[in-house]
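Just below is one structure, and these are the notes that go with it.
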Amino acid sequence: GGIAAAFALISACTELGLAVAHRLRSLRNEKGLSLRAAAERTGLSASFLSSVERAQTGASLSTLRRITAAYGTTLGELLREPDLQDGRLVRRHERRVLEAGHGIRIEDLTRAAGQLESQLFVLGPGATSDGYYAHAGEELMFVLTGSLAVWLDEREYYELAPGDALSFPSTLTHRFRALDPTETRLIWINTPPTF
């Protein structure tokens, strides 16, 4: 879903920031995983994981979710600045922003680690999650501007317009694509935090 999700995305041709790539390597090492063991956990190749860790290639949102889930964390935790203070109020200029590539920007609307993960997704025309993903929890999407297509378990299809809301269990595989020829903006809330 949304961070939740996060969240669309860092695509295979978009380079990850060096700091994020290094954090991925550090996290894998903290878990005591070799590249081969991490590859088995994620279903990705060891060479691909190595390339991501060296910031030589990027990864789609669904791929990053697979990696962070295999390491027992979320993308939000991976990106969180260690000195960031928790607080109730997040001013517009204080939002943590992930420029995820291919027309996707994700802005965190909360700082405190709680049960809700609330984000503003700003999607360019055709921006997509680049694949399905599923995880524990529940999600809510609320479209502010533009339009969005959402697929759930390949059996359900929804087109959301401004003012439309869609909620669903995160255990359903889900993907999305921005449909508007301009910008699509939506509030995306996940519980528990998963992105």
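Note: hydrogens, waters and symmetry copies are ignored here, and every other heavy atom, side chains too, is used. Sequential numbering from 1 along the given sequence is applied to the chain's residues. Predicted model only: the values in this text are computed from it and were never measured.
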Heavy-atom neighbours of Arg36 CZ exceed 12 at 6.0 Å
no
Membership question, hydrophobic clusters at under 4.5 Å side-chain separation (ILVMFWY): are Leu24 and Leu33 in the same one?
yes
Ignoring hydrogens, what is the shortest heavy-atom contact between Arg41 and Ala70? Give both atom names and the distance.
NH1-O, 2.9 Å
Taking C-beta and beyond as the side chain, do Asp164 and Met141 meet within less than 4.5 Å on heavy atoms?
no
For the residue pair Thr42 and Arg66, what are the closest heavy atoms and their distance?
O-NH2, 2.6 Å
Would you mind checking if Arg92 and Glu94 are paired as a salt bridge, meaning a charged N to carboxylate O distance below 4.0 Å?
no
Indicate the atoms forming the closest heavy-atom contact of Pro125 with Pro181, along with that distance.
CG-O, 3.2 Å
Of the non-hydrogen atoms in Ala178 and Thr184, which two are nearest, and what is the gap between them?
CB-OG1, 4.0 Å
Decide yes or no for Leu140 and Leu166: does some side-chain heavy atom of the first lie under 4.5 Å from some side-chain heavy atom of the second?
no
Can you tell me how far apart CG (Leu49) and CD (Glu53) are? Round to the nearest 0.5 Å.
6.5 Å
Would you give the length of the straight line joining atom CG of Leu123 to atom OG1 of Thr182, rounded to the nearest 0.5 angstrom?
11.0 Å
Without swapping roles, check the side chain of Asp153 against the backbone of Leu172 for a donor-acceptor pair under 3.5 Å.
no
What distance do Leu148 atom CG and Arg185 atom CZ have between them, rounded to the nearest 0.5 Å?
14.0 Å
Measure from the ring center of His174 to the ring center of Tyr132 and say whether it is less than 6.0 Å.
no
Under-4.0 Å salt bridge between Glu107 and Arg105:
yes
Between Glu139 and Ile189, does a side-chain contact (heavy atoms from CB on, under 4.5 Å) hold up when you go through it step by step?
CA-CA 6 Å; Glu139 306 194 26; Ile189 300 171; over 6 Å; no
Mutual orientation of the aromatic rings belonging to Tyr157 and Trp151 [parallel < 30°, tilted 30-60°, perpendicular > 60°]:
tilted
So which atom in Thr73 and which in Leu27 form the shortest heavy-atom distance, rounded to 0.1 Å?
CG2-CD2, 3.2 Å
